[in-house]
Number of protein chains: 2
Amino acid sequence: MPHGNQELRKAGLKVTLPRVKILEILESTGESTQHLSAEDVYRALLDAGEDVGLATVYRVLTQFETAGLVTRHNFETGHSVFELETGEHHDHMVCVSSGEVVEFNDPVIERRQQEIALAHGFEIVDHSLVLYVRKLPDQD
Amino acid sequence: MPHGNQELRKAGLKVTLPRVKILEILESTGESTQHLSAEDVYRALLDAGEDVGLATVYRVLTQFETAGLVTRHNFETGHSVFELETGEHHDHMVCVSSGEVVEFNDPVIERRQQEIALAHGFEIVDHSLVLYVRKLPDQD
DNA sequence: GTGCCTGCAAATTGTTTGCACTTGA
DNA sequence: TCAAGTGCAAACAATTTGCAGGCAC
(Lines give C-alpha, C1' and ligand atoms only; values in the text may rest on other atoms or scores of the structure.)
Protein backbone atom coordinates (compact mmCIF):
# COMPACT_ATOMS: atom_id res chain seq x y z
CA MET A 1 0.00 0.00 0.00
CA PRO A 2 2.04 2.86 -1.33
CA HIS A 3 2.33 6.55 -0.61
CA GLY A 4 -0.33 8.70 0.90
CA ASN A 5 -3.28 6.47 0.17
CA GLN A 6 -3.80 6.34 3.90
CA GLU A 7 -4.06 10.09 4.05
CA LEU A 8 -6.63 10.08 1.30
CA ARG A 9 -8.75 7.56 3.14
CA LYS A 10 -8.33 9.41 6.38
CA ALA A 11 -9.64 12.49 4.64
CA GLY A 12 -12.70 10.58 3.52
CA LEU A 13 -11.62 10.70 -0.10
CA LYS A 14 -11.86 7.68 -2.31
CA VAL A 15 -8.44 6.54 -3.52
CA THR A 16 -8.60 7.33 -7.21
CA LEU A 17 -5.94 7.58 -9.84
CA PRO A 18 -6.08 11.37 -10.27
CA ARG A 19 -5.87 11.97 -6.52
CA VAL A 20 -2.97 9.60 -6.06
CA LYS A 21 -1.10 11.06 -9.01
CA ILE A 22 -1.63 14.62 -7.84
CA LEU A 23 -0.40 13.72 -4.37
CA GLU A 24 2.69 12.13 -5.89
CA ILE A 25 3.43 15.26 -7.87
CA LEU A 26 3.09 17.44 -4.81
CA GLU A 27 5.36 15.06 -2.92
CA SER A 28 8.07 14.99 -5.56
CA THR A 29 10.76 17.13 -4.02
CA GLY A 30 12.29 18.75 -7.05
CA GLU A 31 14.11 22.01 -6.30
CA SER A 32 11.46 24.33 -7.52
CA THR A 33 8.81 21.71 -7.07
CA GLN A 34 6.68 22.43 -4.01
CA HIS A 35 4.53 25.56 -4.45
CA LEU A 36 2.76 24.48 -7.62
CA SER A 37 -0.12 26.17 -9.38
CA ALA A 38 -3.06 24.18 -10.71
CA GLU A 39 -1.61 24.64 -14.19
CA ASP A 40 1.76 23.34 -13.01
CA VAL A 41 0.18 20.22 -11.59
CA TYR A 42 -1.89 19.79 -14.73
CA ARG A 43 1.16 20.00 -16.97
CA ALA A 44 3.10 17.64 -14.74
CA LEU A 45 0.28 15.13 -15.13
CA LEU A 46 0.33 15.46 -18.91
CA ASP A 47 4.11 15.08 -18.92
CA ALA A 48 3.68 11.92 -16.90
CA GLY A 49 1.31 10.64 -19.55
CA GLU A 50 -1.73 10.84 -17.30
CA ASP A 51 -4.97 11.95 -18.88
CA VAL A 52 -6.52 14.13 -16.17
CA GLY A 53 -8.64 17.18 -16.79
CA LEU A 54 -7.69 20.61 -15.51
CA ALA A 55 -11.07 20.89 -13.80
CA THR A 56 -10.29 17.75 -11.85
CA VAL A 57 -6.97 19.19 -10.77
CA TYR A 58 -8.76 22.22 -9.37
CA ARG A 59 -11.38 20.05 -7.70
CA VAL A 60 -8.83 17.72 -6.14
CA LEU A 61 -6.57 20.52 -4.93
CA THR A 62 -9.54 22.22 -3.32
CA GLN A 63 -10.56 18.97 -1.64
CA PHE A 64 -7.00 18.50 -0.43
CA GLU A 65 -7.05 21.99 0.98
CA THR A 66 -10.32 21.34 2.78
CA ALA A 67 -8.91 18.09 4.10
CA GLY A 68 -5.85 19.92 5.37
CA LEU A 69 -3.48 18.00 3.11
CA VAL A 70 -2.31 21.08 1.25
CA THR A 71 -2.17 24.82 1.83
CA ARG A 72 -3.19 27.38 -0.75
CA HIS A 73 -1.19 30.58 -1.10
CA ASN A 74 -2.06 33.71 -3.02
CA PHE A 75 1.20 35.42 -3.78
CA GLU A 76 1.04 38.51 -6.01
CA THR A 77 0.97 36.38 -9.12
CA GLY A 78 -2.72 36.45 -9.83
CA HIS A 79 -3.13 32.73 -9.34
CA SER A 80 -3.03 30.34 -6.39
CA VAL A 81 -0.17 28.00 -5.60
CA PHE A 82 -0.47 24.85 -3.51
CA GLU A 83 1.97 23.27 -1.15
CA LEU A 84 1.90 20.04 0.82
CA GLU A 85 0.98 20.67 4.45
CA THR A 86 3.85 19.68 6.73
CA GLY A 87 2.28 20.70 9.99
CA GLU A 88 5.02 23.20 10.69
CA HIS A 89 4.00 26.77 10.08
CA HIS A 90 6.31 28.89 7.98
CA ASP A 91 6.36 32.08 5.96
CA HIS A 92 7.74 32.69 2.49
CA MET A 93 10.39 34.65 0.69
CA VAL A 94 9.85 34.88 -3.07
CA CYS A 95 12.68 36.01 -5.35
CA VAL A 96 11.25 38.50 -7.80
CA SER A 97 13.77 37.63 -10.51
CA SER A 98 14.11 33.87 -10.28
CA GLY A 99 10.78 32.97 -8.74
CA GLU A 100 12.66 30.90 -6.18
CA VAL A 101 10.70 30.34 -2.97
CA VAL A 102 12.39 30.06 0.42
CA GLU A 103 10.51 29.10 3.54
CA PHE A 104 11.34 30.46 6.95
CA ASN A 105 9.91 30.72 10.42
CA ASP A 106 10.87 33.38 12.90
CA PRO A 107 9.66 33.15 16.50
CA VAL A 108 10.30 36.84 17.10
CA ILE A 109 7.95 37.86 14.32
CA GLU A 110 5.39 35.25 15.30
CA ARG A 111 5.26 36.48 18.87
CA ARG A 112 5.15 40.12 17.85
CA GLN A 113 2.15 39.46 15.62
CA GLN A 114 0.23 37.97 18.51
CA GLU A 115 1.04 40.95 20.68
CA ILE A 116 0.00 43.45 18.05
CA ALA A 117 -3.31 41.74 17.34
CA LEU A 118 -4.04 41.50 21.04
CA ALA A 119 -3.22 45.14 21.57
CA HIS A 120 -5.93 45.96 19.05
CA GLY A 121 -8.47 43.65 20.69
CA PHE A 122 -8.16 40.87 18.12
CA GLU A 123 -6.99 37.29 18.06
CA ILE A 124 -5.14 35.96 15.03
CA VAL A 125 -7.00 33.42 12.96
CA ASP A 126 -4.37 33.15 10.29
CA HIS A 127 -1.68 35.26 8.75
CA SER A 128 0.31 35.67 5.60
CA LEU A 129 3.81 37.08 5.42
CA VAL A 130 5.62 37.16 2.12
CA LEU A 131 8.92 38.88 1.53
CA TYR A 132 9.59 39.78 -2.09
CA VAL A 133 13.34 39.71 -2.41
CA ARG A 134 16.24 39.94 -4.82
CA LYS A 135 19.42 37.90 -4.63
CA LEU A 136 22.40 39.85 -3.35
CA PRO A 137 25.69 39.53 -5.23
CA ASP A 138 27.88 36.90 -3.61
CA GLN A 139 30.26 38.54 -1.19
CA ASP A 140 31.85 35.82 0.86
CA MET B 1 -6.93 74.54 -8.42
CA PRO B 2 -8.47 71.93 -6.19
CA HIS B 3 -7.36 68.63 -4.73
CA GLY B 4 -4.77 66.38 -6.17
CA ASN B 5 -4.70 67.84 -9.65
CA GLN B 6 -1.09 68.66 -8.97
CA GLU B 7 -0.33 65.06 -8.23
CA LEU B 8 -1.96 63.99 -11.47
CA ARG B 9 0.15 66.43 -13.45
CA LYS B 10 3.24 65.45 -11.56
CA ALA B 11 2.52 61.85 -12.53
CA GLY B 12 2.33 62.87 -16.17
CA LEU B 13 -1.38 62.17 -16.29
CA LYS B 14 -3.76 64.55 -18.00
CA VAL B 15 -6.26 66.02 -15.53
CA THR B 16 -9.50 64.42 -16.61
CA LEU B 17 -12.84 64.10 -14.93
CA PRO B 18 -12.64 60.34 -14.27
CA ARG B 19 -9.18 60.63 -12.73
CA VAL B 20 -10.12 63.54 -10.53
CA LYS B 21 -13.30 61.84 -9.38
CA ILE B 22 -11.54 58.59 -8.61
CA LEU B 23 -8.90 60.43 -6.62
CA GLU B 24 -11.64 62.17 -4.65
CA ILE B 25 -13.30 58.89 -3.84
CA LEU B 26 -10.04 57.40 -2.63
CA GLU B 27 -9.44 60.52 -0.53
CA SER B 28 -12.86 60.49 1.12
CA THR B 29 -12.06 59.30 4.60
CA GLY B 30 -15.10 57.29 5.56
CA GLU B 31 -14.37 54.67 8.24
CA SER B 32 -14.50 51.71 5.96
CA THR B 33 -13.56 53.84 3.02
CA GLN B 34 -9.89 53.39 2.19
CA HIS B 35 -9.08 49.92 0.80
CA LEU B 36 -11.56 49.97 -2.08
CA SER B 37 -11.91 47.46 -4.87
CA ALA B 38 -12.34 48.53 -8.48
CA GLU B 39 -16.01 47.62 -8.16
CA ASP B 40 -16.32 49.73 -5.01
CA VAL B 41 -14.86 52.73 -6.78
CA TYR B 42 -17.07 52.08 -9.78
CA ARG B 43 -20.21 51.97 -7.67
CA ALA B 44 -19.18 55.07 -5.76
CA LEU B 45 -18.86 56.86 -9.09
CA LEU B 46 -22.31 55.75 -10.18
CA ASP B 47 -23.75 56.80 -6.81
CA ALA B 48 -22.17 60.20 -7.33
CA GLY B 49 -23.94 60.43 -10.67
CA GLU B 50 -20.75 60.15 -12.67
CA ASP B 51 -20.89 58.12 -15.87
CA VAL B 52 -17.53 56.35 -15.91
CA GLY B 53 -16.90 52.89 -17.30
CA LEU B 54 -15.58 50.06 -15.16
CA ALA B 55 -12.74 49.53 -17.62
CA THR B 56 -11.68 53.11 -17.07
CA VAL B 57 -11.68 52.58 -13.32
CA TYR B 58 -9.31 49.67 -13.76
CA ARG B 59 -7.12 51.63 -16.16
CA VAL B 60 -6.95 54.66 -13.91
CA LEU B 61 -6.25 52.65 -10.76
CA THR B 62 -3.45 50.83 -12.53
CA GLN B 63 -2.00 54.12 -13.73
CA PHE B 64 -2.24 55.49 -10.21
CA GLU B 65 -0.43 52.44 -8.94
CA THR B 66 2.33 52.84 -11.52
CA ALA B 67 2.56 56.51 -10.61
CA GLY B 68 2.88 55.59 -6.95
CA LEU B 69 -0.33 57.38 -6.00
CA VAL B 70 -2.03 54.25 -4.74
CA THR B 71 -1.03 50.81 -3.50
CA ARG B 72 -2.67 47.62 -4.62
CA HIS B 73 -3.26 44.83 -2.11
CA ASN B 74 -4.28 41.26 -2.78
CA PHE B 75 -5.88 40.03 0.39
CA GLU B 76 -7.45 36.58 0.26
CA THR B 77 -10.63 37.94 -1.26
CA GLY B 78 -10.02 37.05 -4.86
CA HIS B 79 -9.91 40.66 -5.99
CA SER B 80 -7.54 43.58 -5.53
CA VAL B 81 -8.16 46.52 -3.24
CA PHE B 82 -6.57 49.93 -3.65
CA GLU B 83 -5.48 52.41 -1.04
CA LEU B 84 -4.09 55.93 -1.28
CA GLU B 85 -0.31 55.95 -0.82
CA THR B 86 0.58 57.95 2.27
CA GLY B 87 4.31 57.47 2.12
CA GLU B 88 4.35 55.70 5.45
CA HIS B 89 4.68 51.98 5.17
CA HIS B 90 2.26 49.86 7.13
CA ASP B 91 0.89 46.35 7.30
CA HIS B 92 -2.70 45.20 7.65
CA MET B 93 -4.97 43.34 9.98
CA VAL B 94 -8.21 42.17 8.36
CA CYS B 95 -11.13 41.04 10.50
CA VAL B 96 -12.49 37.85 9.01
CA SER B 97 -16.01 38.49 10.28
CA SER B 98 -16.52 42.21 9.78
CA GLY B 99 -14.06 42.87 6.99
CA GLU B 100 -12.70 45.75 9.05
CA VAL B 101 -9.15 46.70 8.10
CA VAL B 102 -6.66 48.01 10.66
CA GLU B 103 -3.26 49.35 9.68
CA PHE B 104 -0.19 48.95 11.85
CA ASN B 105 3.54 49.26 11.68
CA ASP B 106 5.92 47.43 13.93
CA PRO B 107 9.62 48.27 13.87
CA VAL B 108 10.55 44.98 15.52
CA ILE B 109 8.98 42.99 12.72
CA GLU B 110 10.36 45.29 10.06
CA ARG B 111 13.90 44.91 11.34
CA ARG B 112 13.58 41.17 11.74
CA GLN B 113 12.46 40.83 8.13
CA GLN B 114 15.56 42.61 6.91
CA GLU B 115 17.77 40.38 9.01
CA ILE B 116 16.11 37.21 7.81
CA ALA B 117 16.34 38.15 4.14
CA LEU B 118 19.97 39.12 4.57
CA ALA B 119 20.77 35.87 6.31
CA HIS B 120 19.52 34.07 3.20
CA GLY B 121 21.53 36.27 0.84
CA PHE B 122 18.61 38.39 -0.30
CA GLU B 123 17.58 42.00 -0.04
CA ILE B 124 13.92 42.87 0.43
CA VAL B 125 12.24 44.53 -2.53
CA ASP B 126 8.81 44.60 -0.97
CA HIS B 127 6.80 42.64 1.51
CA SER B 128 3.26 41.86 2.46
CA LEU B 129 2.09 41.01 5.94
CA VAL B 130 -1.58 40.47 6.59
CA LEU B 131 -3.02 39.21 9.85
CA TYR B 132 -6.45 37.65 9.53
CA VAL B 133 -8.06 38.25 12.89
CA ARG B 134 -11.26 37.98 14.87
CA LYS B 135 -12.52 40.50 17.40
CA LEU B 136 -12.07 39.42 21.00
CA PRO B 137 -14.99 39.88 23.40
CA ASP B 138 -14.66 43.16 25.29
CA GLN B 139 -12.94 42.58 28.62
CA ASP B 140 -11.91 45.97 29.97
C1' DG C 1 -5.97 70.64 -33.88
C1' DT C 2 -4.18 66.39 -32.15
C1' DG C 3 -2.82 63.03 -29.23
C1' DC C 4 -3.93 61.37 -24.79
C1' DC C 5 -8.36 59.42 -22.77
C1' DT C 6 -12.61 57.19 -22.33
C1' DG C 7 -16.69 54.11 -23.13
C1' DC C 8 -18.27 50.04 -24.79
C1' DA C 9 -17.94 45.49 -26.09
C1' DA C 10 -15.23 41.73 -26.94
C1' DA C 11 -11.20 39.06 -25.43
C1' DT C 12 -8.30 36.89 -21.65
C1' DT C 13 -7.16 34.47 -17.56
C1' DG C 14 -7.94 31.75 -13.59
C1' DT C 15 -11.30 28.96 -11.65
C1' DT C 16 -15.95 26.68 -11.04
C1' DT C 17 -19.97 24.06 -12.42
C1' DG C 18 -23.53 20.95 -15.01
C1' DC C 19 -24.02 16.69 -16.81
C1' DA C 20 -23.42 12.18 -18.84
C1' DC C 21 -20.16 8.64 -18.28
C1' DT C 22 -16.67 5.82 -15.53
C1' DT C 23 -14.74 3.63 -11.66
C1' DG C 24 -13.31 2.23 -6.97
C1' DA C 25 -15.05 -0.24 -2.83
C1' DT D 1 -23.96 -2.47 -7.75
C1' DC D 2 -23.91 2.39 -7.50
C1' DA D 3 -22.70 6.48 -5.20
C1' DA D 4 -18.56 8.98 -5.61
C1' DG D 5 -15.43 10.72 -8.96
C1' DT D 6 -14.07 12.41 -13.58
C1' DG D 7 -13.77 14.64 -18.36
C1' DC D 8 -15.43 17.94 -21.19
C1' DA D 9 -17.50 22.04 -22.38
C1' DA D 10 -19.87 25.82 -20.95
C1' DA D 11 -20.37 29.29 -17.26
C1' DC D 12 -18.17 32.69 -14.26
C1' DA D 13 -15.64 36.55 -12.13
C1' DA D 14 -12.00 39.73 -12.26
C1' DT D 15 -9.39 42.22 -15.22
C1' DT D 16 -7.49 43.72 -19.87
C1' DT D 17 -7.60 45.31 -24.55
C1' DG D 18 -9.13 47.07 -29.41
C1' DC D 19 -11.16 50.62 -31.45
C1' DA D 20 -14.10 54.65 -32.63
C1' DG D 21 -15.20 58.83 -30.80
C1' DG D 22 -14.14 62.87 -27.09
C1' DC D 23 -11.86 66.11 -24.41
C1' DA D 24 -7.80 68.51 -22.25
C1' DC D 25 -4.14 71.37 -23.46
Side-chain angles (χ1 to χ4, degrees), chain A residues 1-23 25 35-46 48-67 69-82, chain B residues 1-25 35-43 45-46 48-67 69-82:
Chain A
M1 179 161 299
H3 323 298
N5 292 11
Q6 308 279 13
E7 291 145 274
L8 287 177
R9 279 189 231 283
K10 210 178 305 173
L13 297 171
K14 198 175 284 187
V15 178
T16 66
L17 191 141
R19 286 178 182 153
V20 171
K21 281 299 173 190
I22 291 176
L23 248 194
I25 289 174
H35 308 101
L36 301 173
S37 69
E39 271 291 322
D40 292 336
V41 173
Y42 178 58
R43 261 193 292 272
L45 284 168
L46 295 190
E50 301 295 338
D51 189 18
V52 176
L54 178 55
T56 299
V57 173
Y58 275 106
R59 264 187 297 232
V60 170
L61 286 175
T62 303
Q63 293 159 349
F64 283 5
E65 186 193 12
T66 304
L69 292 178
V70 308
T71 308
R72 178 196 303 253
H73 299 291
N74 297 287
F75 298 154
E76 308 284 295
T77 46
H79 59 262
S80 303
V81 298
F82 300 83
Chain B
M1 177 159 303
H3 325 295
N5 293 11
Q6 308 279 13
E7 290 145 275
L8 287 178
R9 279 189 231 284
K10 211 178 304 173
L13 297 172
K14 200 172 282 186
V15 178
T16 66
L17 190 140
R19 286 178 182 155
V20 172
K21 282 299 173 189
I22 290 176
L23 249 194
E24 284 181 14
I25 288 173
H35 307 99
L36 300 174
S37 70
E39 271 292 321
D40 291 336
V41 173
Y42 178 59
R43 260 193 292 273
L45 285 168
L46 294 190
E50 301 295 339
D51 189 17
V52 176
L54 178 56
T56 299
V57 174
Y58 275 106
R59 263 187 298 234
V60 170
L61 287 175
T62 303
Q63 292 160 349
F64 283 5
E65 185 193 12
T66 304
L69 292 177
V70 308
T71 308
R72 178 196 303 253
H73 299 290
N74 297 287
F75 298 154
E76 307 284 293
T77 46
H79 59 263
S80 303
V81 298
F82 299 84

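All chains are named by letter (A, B, ...) in the order of the sequence lines, taking the proteins before the strands, and each is independently numbered beginning at 1.
With a 4.5 Å cut-off on side-chain heavy atoms, Leu8(B) and Phe64(B) count as touching.
With Glu7(A) as reference, Leu69(A) is the one residue of Leu13(A), Val15(A), Leu69(A) to meet the side-chain contact (heavy atoms from CB on, under 4.5 Å) rule.
Using a 4.0 Å heavy-atom criterion, one finds that Ser37(B) contacts no nucleic acid atom at all. Residue Thr16(A) is classed as a sugar-phosphate contact, given heavy-atom separations below 4.0 Å to backbone atoms only. No contact: Leu17(B) has no heavy atom under 4.0 Å from any strand.
In this structure Ser80(B) satisfies the side-chain contact (heavy atoms from CB on, under 4.5 Å) test together with Arg72(B), Asn74(B), Phe82(B), sequence neighbours excluded.
Taking atom NE2 on His79(B) and atom C1' on dG14(C), their separation rounds to 16 Å, with Å as the unit. Atoms CG (Leu13(A)) and P (dG24(C)) sit 15 Å apart, rounded to a whole Å.
Salt-bridge annotation for Lys21(B) and Glu24(B): present, with a side-chain N of the basic residue lying under 4.0 Å from a carboxylate O of the acidic one.
Both Lys14(B) and Arg59(B) lie near DNA chain D, and the one whose nearest nucleotide falls closer to the 5' end is Arg59(B). If you find the closest nucleotide of DNA chain D to Val15(B) and to Ser80(B), the one lying nearer the 5' end belongs to Ser80(B).
Residue Tyr58(B) places no side-chain N or O under 4.0 Å from the OP1 or OP2 atom of dT16(D).
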